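Here is the structure we will look at.
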Amino acid sequence: MSGSQRPVRVRIAPSPTGDPHVGTAYIGLFNLAFARKHGGKFILRIEDTDQTRSTRKSEEMIFRSLRWAGIAYDEGPDIGGPFGPYRQSERLPLYQKEAAELVRRGNAYKCTCTPERLEALREEQKKAKQNPGYDGRCRDRDPAEVDKEIAGGAPHVVRLKVPREGVTVVTDLLRGRVEFENKGIDDQVLLKTDGFPTYHLANVVDDHHMQITHVIRGEEWITSTPKHVLLYAGFGWEAPEFCHLPLLRNEDKSKVSKRKNPTSLVFYERCGILPAALRNYLGMMGWTMPDGREVFTLDEMIANFDLGRISLGGPVFDLKKLFWLNGKYLREVVSTEDYLAALRQSQASDEYLKKVITLVKERVDKLEDFFDYGSYFFCGSVRCDVKELVPKGRTADEIAGALAELVERIDKQFAWNKDVLEQMGRTLADEKGWKAKDLFAPIRVAITAKNATPPLFDTMELIGKEVCRRRLREAIALLRAPPAKDPTPPKAAN
RNA sequence: GUCCCCAUCAUCUAGAGGCCCAGGAUGCGGCCCUUUCAAGGCUGAAACGCGGGUUCGAAUCCCGCUGGGGACACCA
């Protein structure tokens, strides 16, 4: 363990690929608490080394959501700092230089194996019931020969040269000593063909150059930590302390996922969870106040923060308890003035109201009917009638299946606007060979619980992805639920 | 499959050898309060996965099993 007394610097390093994740806020909160407790700095670094998936839109949403949640960082792409740039795509020369250095030191090597060969290799290994992993073909070749091939135009990557013998020890602040046999560690790609680093390289290089002292991250990373340890050693750098936090879980204990839980921070903002309540709730995932208090502020958490109080069982993210806690804040700590302000901001901003007005004004002729007509613009769930969900000639099963398919496509599609939605809807209807209205009518009912509404996709765009997604899922559940109990149930035939 | 991590009520957890026939909170049931619904108060059901050790004594330490999770990409 390093005995250095460097000033504490910690970071979170989300990748901007999709909606801002509640797990990012969770890990961020613990990093923040740790940094504050020790008078250190908390940094946000954007890990956008995956060119195919990273987007600026997603990155902006991360900034926004963290700001909303009150998880404030001291340094980051949008606010700068002395160790920038804080976006990995802007640090490329550094990784390339360091990768070359590692090759020079003999701890990494160039590899010209094609993705096709690797794919075939994996297939073979799978068939032979061996563990998948790089076979070291280029590792054992004469470097001059490989260089010649590269000079001739062959694309190449740089791989970590993992010792074939021995063990690599990871020291985790919560778990102690964890050993990994080197022969079980793959020769990880460090620099991709496109010249971008992989997570492993970028992460280690940046943590070193940004003088990160403690890496506090999700448990999912623990098995790749030996690679990082090897990298630090390979560079001759002092490694930071590692601390792997338990993962947030779905009800079935699997890693929290959007299929089974709302994972987007946007969801929590939209449904009116108070940032203070969210922080409080996240703070009790795996951690407790020494006196057992369940309601506490961020400052109180910081004052009492101690990694040693973290319990290692993966906590199930329980929406019900979050809602209870939020209710407690709403009724006990928020003044009527603050309540009004929060309501205006979260449920009825002028901006939002204006958009609703443009959709509703031509369909209503007395103001008193406004909220009734457009009730679905102002609520979370909508109680729709199962029977209304199923058009004539279609079965509940079919509709449930179609809506489920729609939700899946929504999940894959980051963008959200009426054109995208309409195209998605029409494509789905076409694929099923359905008339558009056989699909659109159930969607309308699922989203609004009504048959008469403004144009469906305008309505959905305005209501937003998070709320629409939730309502769709609720409709699916309704369709798949066993039929409501009949007072006089017919005798079952089987 | 291989490697790694984890293991107290349904859920979040307290518990670092005797204070524990296990405490708090959510959720669930009951009662009270109340014009209603909430909220609030009181109250009930509800857990140390199993088997071996160590010890005068184990939820707490050790080992095994079982169970759960995670990781095995030119994604992070």
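In what follows, chains carry the letters A, B, and so on, assigned in the order in which the sequence lines appear, proteins first and then strands, with residues in each chain numbered from 1. Source: prediction; values computed, not measured.
Here A:Lys255 reaches the OP1 or OP2 of B:A71: one of its side-chain N or O atoms lies under 4.0 Å away.
B:G15 and B:C20 have their P atoms separated by 15 Å, with the value rounded to a whole Å. Taking atom P on both nucleotides, B:C42 is separated from B:C33 by 15 Å, rounded to a whole Å. Taking the C1' atoms as reference points, B:U13 lies 13 Å from B:C48, given to the whole Å. Comparing the same atom, C1', in B:G64 and in B:A22 gives a spacing of 26 Å after rounding to whole Å. Comparing B:C62 with B:A25, their P atoms sit 31 Å apart, to the nearest whole Å. Using P as the reference atom, B:G51 and B:C4 are 27 Å apart when rounded to the nearest Å. Look at the C1' atom in both B:A7 and B:C65: the space between them is 13 Å, to the nearest Å. Taking atom P on both B:A14 and B:C74, the two are 39 Å apart, rounded to the nearest angstrom.
Between A:Phe242 and A:Trp221, the ring centre distance reaches or exceeds 6.0 Å. The six-membered or imidazole ring of A:Phe34 lies away from that of A:Phe42, with a centre-to-centre distance of 6.0 Å or more. Annotation: A:Tyr281 is in aromatic contact with A:Phe317 [ring centroid separation under 6.0 Å].
Not counting sequence neighbours, the partners of A:Arg469 by the salt bridge (Lys or Arg N to Asp or Glu O under 4.0 Å) test are A:Asp411.
The separation between A:Leu325 atom CG and B:C12 atom P is 16 Å, rounded to whole Å. A:Arg175 has its CZ atom 17 Å from the P atom of B:G69, to the nearest Å. Atom pair A:Ile222:CD1 and B:A71:P shows a separation of 12 Å (rounding to whole Å applied). Protein atom NZ of A:Lys320 is 19 Å distant from nucleotide atom P of B:A25, rounded to whole Å. In this structure, A:Lys328 atom NZ and B:U26 atom C1' are separated by 11 Å, rounded to whole Å. The CG-C1' distance, from A:Asn182 to B:C4, rounds to 14 Å in whole Å.
For A:Phe317 and A:Glu181, each mapped to the nucleotide of RNA chain B holding its nearest heavy atom, the one lying further toward the 5' end belongs to A:Glu181. In this structure, A:Val178 and A:Thr114 both approach RNA chain B, and ranking their closest nucleotides by distance from the 5' end singles out A:Val178.
Taking 4.5 Å as the limit, some side-chain heavy atom of A:His200 sits within range of a side-chain heavy atom of A:Ser224. For the pair A:Val205/A:Phe235, a side-chain contact is recorded, criterion being any heavy-atom separation below 4.5 Å from C-beta on.
Below 30°, between 30° and 60°, or above 60°: for A:Tyr73 and A:Phe63 the angle between ring planes is between 30° and 60°, a tilted geometry. Under the 30°/60° scheme for interplanar angles, the aromatic rings of A:Tyr199 and A:His228 are found to be tilted.
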Does the protein touch nucleotides 59-68 of chain B at the base, only the backbone, or not at all? Give it as B, S and - per nucleotide, heavy atoms under 4.0 Å.
---------S
Could you please spell out the steps behind the side chain to side chain donor-acceptor pair (under 3.5 Å) verdict for A:Glu98 and A:His208?
CA-CA 11 Å; A:Glu98 297 292 15; A:His208 174 257; 5.5 Å; no
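Residue-to-nucleotide contacts include a donor-acceptor pair under 3.5 Å from the side chain of A:Arg53 to the base of B:C75.
Residues of residues 141-161 of chain A that place a heavy atom closer than 4.0 Å to RNA chain B, in numerical order, are A:Val157, A:Arg159. Applying a 4.0 Å cut-off to non-hydrogen atoms, the residues of residues 184-211 of chain A that approach RNA chain B are A:Val189, A:Lys192, A:Thr193, A:Pro197, A:Thr198, A:Tyr199, listed by residue number. Contacts between residues 260-273 of chain A and RNA chain B, defined by a heavy-atom separation below 4.0 Å, involve no residue at all. Taken residue by residue, residues 303-314 of chain A places heavy atoms nearer than 4.0 Å to RNA chain B at A:Arg309, A:Ser311, A:Leu312, A:Gly313, A:Gly314.
Using a 4.0 Å heavy-atom cutoff across all strands shown, A:Asp50 reaches sugar-phosphate atoms only and no base atom.
For the pair A:Arg159 and A:Tyr134, the cation-pi criterion (under 6.0 Å, within 45° of the ring axis) is fulfilled.
Considering A:Asp186, A:Asp140, A:Asp187 as possible partners of A:Arg164, the one that fulfils the salt bridge (charged side-chain N to carboxylate O under 4.0 Å, His left out) test is A:Asp140.
Under the Watson-Crick or G-U wobble criterion, with both distances below 3.5 Å, B:A46 is left unpaired in every strand shown.
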